[in-house]
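Take a look at the structure set out below.
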Amino acid sequence: MGYSVHSMNLLTLLQDRIRLALTGLVDDPTPYAAMVKAANDAKFGDYQANCAMSLSKVLGKKPPEVAKEIVARLPQDDLFEKVEIAGPGFINLRFRTEWLAAQMQAIAKGGRLGIAPAATPKTFVIDFSGPNVAKPLHVGHLRSTVIGDSLCRLLRFLGHQVIGDNHLGDWGLQFGMLLHGYKHHRDEAALQADAVRELARVYVMLRKKVKPAEDVEDEPANAKNYPPEELAESQAVLAACRQETSKLHAGDPENLQLWKQFMPWAMAEIEAIYRRLDIHFDQTLGESFYHSMLAEVVRDLKAKGIAEDSRGAVAILFGENEPAAIIQSSHGAYTYTTTDLATIRYRVETWNPDVLLYVVDFRQALHFKNLFIVARRWGYDRPEFHHVSFGSVLDPKTGKPFKTSGGGVAELEQLISEAVQHAAKMYEQICRERRERGDEVPEFSPEELKQVHEAVGIGAVKYADLSQNRESDYGFSVEKMTSLEGNTATYMQYAYVRNRGIFRKGDENSDLYRTHPPQVYLEQPQERALALQLLRFEEALQAAAADYRPNVITAYLWDLAKTYSGFFQNCPVLKAETPALRQSRLLLCDLTARTIQKGLELLGIRTIERM
RNA sequence: GCCCCCGUAGCUCAGCUGGAUAGAGCAGCGGAUUUCUAAUCCGCCGGUCGCAGGUUCGAAUCCUGCCGGGGGUGCCA
């Protein structure tokens with residue numbers, strides 16, 4: 001591209017300054033420099049350094065004295081308008097407004113909004129979505145898919161190498177059930193009509209049949225809960241499904257043939273949803289891909305003394321009270337631990353990543369904890385491993401997780417459609433109200449209208465998920481997420497639309513504000529606040545990336561939108577007092593629009609120009 | 001039994017590598033606008049941050065115990 005990126009991270013800029021000022025005062029200034037943060041009240045300034053209190057003990061001086069000393073050691077230049085010491089020893093920092101204005105002009109150029117690509121790019125492998133191929137995507141897959149996709153987009157934008165990998169469940173017992181069900185319970189007519197749905201029906205039926213047997217294996221006392229005949233049948237069916245799985249794994253031609261036949265059917269359905277949701281993977285290497293490597297993995301782990309024979313199985317032991325991880329069952333079958341270990345080996349050998357992320361349900365915490373321990377023992381000690389865990393999607397009616405089988409209610413496709421329809425309904429209603437008031441309503445072709453509905457409906461679903469701290473559970477309520485008020489995708493999309501409307505109305509070409517940014521004036525407090533907030537974008541993205549938390553981005557966008565509306569309310573743009581001020585405000589508008597657009601893009605949410 | 005997570009306003013939740021009077025949205029109440037698309041904005045109301053101790057100049061945040069809820073716990077993933 002050729003343009004140089006003007007990097008502007010206010011936080012690191014200030015931390016560097018404080019670090020410099022502390023050099024010579026303390027041995028290791030870094031932890032104290034880290035105590036710089038955004039001021040929690042604008043009346044204190046823009047940022048505050050809180051290190052003087054902590055240093056007080058180390059230096060044997062009173063906090064205000066320490067603060068005074070630090071302030072005296074700050075470089076004397078034109079960065080700050082005001083530096084003052086307040087309260088028990090806070091150092092309050094306020095940027096010079098002209099300096100902020102100059103930054104606006106600088107970050108307007110180029111396409112990165114002042115965010116420089118990482119100086120030392122890392123390679124990330126992100127394991128996300130990972131649906132069970134035997135059944136339709138359900139609401140439980142939403143979080144992994146949406147969070148994982150967002151992390152891919154974010155880390156990639158920050159300049160890292162990212163490999164998003166969809167580790168499909170395409171080779172386990174679920175396929176044995178599918179094979180058994182297909183052979184014994186298929187409805188040929190239904191299969192012709194809708195193969196995927198028929199396979200799903202068969203799968204759900206088999207799950208139900210097999211449940212008593214699994215219950216009793218978990219806890220023999222449960223046997224009393226089932227009639228003996230039912231239990232016996234269940235056990236027979238489970239054994240048969242395991243048999244089919246084993247045959248598939250052993251390379252039985254018929255089962256392999258059926259597997260190859262089922263896969264494209266199942267994938268077509270899943271891929272349609274990914275397309276609709278605008279989710280992309282760099283790799284789709286499911287469990288089946290690793291099957292041929294598992295025997296060698298077990299052999300190697302045994303040879304290295306990491307795994308051992310135990311109670312008829314091959315297991316990895318962790319400690320007295322810790323449950324072991326089975327890598328080969330007493331029937332000879334490999335488990336997901338084995339597959340995950342083979343996957344680690346493959347990923348490390350193929351991509352040599354710095355970080356491996358697993359975007360998976362919190363209930364698998366123990367599995368991943370053990371998996372990472374084993375990977376270290378196995379010699380993979382360079383990469384970082386992180387279980388990016390998340391809470392459950394609850395059914396707001398029951399307050400319990402959506403059921404994975406036993407009904408089509410929770411199918412993802414259906415929920416998305418419901419959200420889109422709801423968004424469409426709300427949109428029609430708003431348009432009617434606008435017409436009644438005599439307001440202008442954008443004219444759309446049916447195709448454009450559909451795009452608006454999709455963008456709003458799907459954006460709502462994604463935003464509702466991503467704006468939640470990923471560790472907590474949340475209730476999936478279409479009404480709430482498509483709400484027009486509050487911190488929702490719709491609000492952000494509308495803020496963007498309103499902003500773009502200014503350029504249309506004023507017949508202004510926003511490209512000019514990017515190639516030839518005008519001088520910026522920040523005379524009104526709302527203008528200054530907006531500029532400051534725009535400059536915090538990188539800070540937000542870095543914080544989101546550091547903890548793999550997309551909700552940090554939504555929180556930033558929400559703050560930005562509120563700051564912008566303060567500006568919008570108080571600062572006329574097209575009717576500004578002077579042409580220079582109009583130019584300046586248009587630049588602020590364009591930067592805001594681009595920041596909203598980029599932020600939403602990193603969440604996988606589309607913007608539209610009119611709505 | 002053992003291990004992990006959660007408990008913040010009526011509701012849904014942010015904030016949690018300690019920092020100034022604990023923040024939003026919704027709901028409720030009261031206002032604004034001859035508009036740059038009102039899917040808007042402003043104000044008010046509302047909190048013993050589960051409870052009790054401890055560490056600290058300072059605790060929603062760290063430590064211990066207890067209560068309440070959820071999850072996991074060797075051959076499913």
Side-chain angles (χ1 to χ4, degrees), chain A residues 31 34-35 37 39-41 44 48 50 53-54 56-57 62-63 86-90 92 130 132 169 172-174 210 214 217-218 287 310-318 320-331 333 335-337 339-340 360-367 369 389 391-392 396 400-401 426-427 429-431 433-434 437 439-442 456 467-469 471-475 477 480 483-488 490-491 493-495 497-499 501-506 547 551-552 554-555 558-559 562 565-566 568-575 585 589 610-611:
Chain A
M35 294 178 193
K37 46 187 62 181
N40 51 16
D41 191 325
F44 295 131
Q48 57 186 40
N50 297 341
M53 285 84 80
S54 311
S56 160
K57 194 168 289 176
K62 289 205 161 67
F90 297 104
N92 290 331
N132 176 348
L173 179 63
Q174 75 273 37
V210 145
E214 286 181 331
E217 283 183 16
D218 279 353
E287 291 170 354
S310 171
R311 302 186 205 170
V314 182
I316 299 164
L317 307 179
F318 297 98
E320 285 288 314
N321 294 321
E322 310 278 327
I326 304 293
I327 57 171
Q328 188 169 18
S329 79
S330 48
H331 311 293
T335 70
Y336 71 135
T337 303
T339 309
D340 280 352
V360 182
D361 197 305
F362 75 102
R363 283 176 296 221
Q364 293 192 38
L366 181 60
H367 167 65
K369 185 183 156 220
S389 78
S392 307
K400 292 194 170 145
M426 297 305 281
Y427 185 67
Q429 190 187 322
I430 299 284
C431 286
E433 286 168 16
R434 282 176 179 171
R437 276 199 308 269
D439 288 348
E440 66 174 280
V441 172
V456 173
S467 59
Q468 199 88 202
N469 179 335
E471 316 237 41
S472 27
D473 298 343
Y474 77 98
S477 154
K480 248 183 119 168
S483 162
L484 314 171
E485 285 146 1
N487 187 7
T488 62
T490 319
Y491 179 95
Q493 286 166 326
Y494 184 65
V497 163
R498 287 291 298 271
N499 184 316
I502 295 173
F503 285 82
R504 259 196 313 279
K505 184 118 180 179
D547 292 326
N551 72 309
V552 175
T554 64
W558 175 238
D559 281 344
K562 281 190 291 190
S565 76
F568 180 82
Q569 227 44 230
N570 290 286
C571 306
V573 178
L574 295 175
K575 292 176 189 156
R585 286 179 179 168
C589 283
R610 296 180 303 151
M611 65 194 276

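Computation of the quantities below employed the complete heavy-atom set of this structure, encompassing side-chain atoms and omitting hydrogens, waters and symmetry-equivalent molecules.
Considering only the side chain of Pro572(A), C36(B) comes nearest among C36(B), U73(B), U37(B). Looking at the side chain of Leu173(A), the nearest of the listed nucleotides C13(B), C75(B), C76(B) is C76(B). Out of C36(B), A14(B), A39(B), the shortest distance to the side chain of Gln468(A) is found at A14(B).
When heavy atoms are screened at a 4.0 angstrom cut-off, Ile430(A) is found touching base atoms of the nucleic acid. Using a 4.0 Å heavy-atom cutoff across all strands shown, Asp473(A) reaches sugar-phosphate atoms only and no base atom. Among the protein residues, Ala365(A) comes within range of no part of the nucleic acid, since none of its heavy atoms lies under 4.0 Å from any strand. Heavy atoms of Cys431(A) sit nowhere under 4.0 angstrom from any nucleic acid atom. Val497(A) comes within contact range of at least one nucleobase, with a heavy-atom separation under 4.0 Å. Base contact: Tyr494(A) has a heavy atom under 4.0 Å from a base atom. Within the 4.0 angstrom heavy-atom criterion, base atoms lie near Thr490(A).
Residue-nucleotide stacking is not present for Phe362(A) and C5(B), judged by a side-chain ring centre under 5.5 Å from the six-membered base ring centre and planes under 30° apart.
With P as the reference atom, A14(B) and C6(B) are 11 Å apart, rounded to whole Å. Of the P atoms belonging to U12(B) and U8(B), the separation is 9 Å, rounded to the nearest Å. For G28(B) and C66(B), the C1' atoms lie 37 Å apart once the distance is rounded to whole Å.
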Using nucleotides 18-22 of chain B, report all nitrogen or oxygen pairs with the protein that are shorter than 3.5 Å.
| residue | atom | partner | partner atom | Å |
| --- | --- | --- | --- | --- |
| G19(B) | O6 | Ser54(A) | OG | 3.3 |
| A20(B) | OP2 | Asn40(A) | ND2 | 2.4 |
| A20(B) | N7 | Gln48(A) | OE1 | 3.2 |
| A20(B) | N6 | Gln48(A) | OE1 | 2.8 |
| A20(B) | N6 | Asn92(A) | OD1 | 2.4 |
| A20(B) | N6 | Asn92(A) | ND2 | 3.3 |
| A20(B) | N1 | Asn92(A) | ND2 | 3.3 |
| U21(B) | O4 | Asp41(A) | OD2 | 3.4 |
| U21(B) | O4 | Lys43(A) | NZ | 2.5 |

When you compare the protein's N or O atoms with those of nucleotides 54-56 of chain B, which come within less than 3.5 Å of each other, and at what distance?
none

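Using Watson-Crick or G-U wobble geometry with both donor-acceptor distances under 3.5 Å, A60(B) finds no partner in any strand shown.
Phosphate proximity of G15(B) to Asn551(A): present, with a side-chain N or O under 4.0 Å from OP1 or OP2. Put simply, Arg437(A) has no side-chain N or O that comes within less than 4.0 Å of OP1 or OP2 on U40(B).
Atom CZ in Phe318(A) sits roughly 13 Å away from atom C1' in U73(B) (whole-Å rounding).
A donor-acceptor contact under 3.5 Å is formed by the side chain of Ser330(A) with the base of C75(B). Contact of Tyr336(A) with A77(B) (side chain to base): a donor-acceptor pair of N or O atoms is detected under 3.5 Å.
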#### Entry: Heavy-atom protein contacts under 4.0 Å, nucleotides 24-32 of chain B, coded B base, S sugar-phosphate only, - none
SSS------
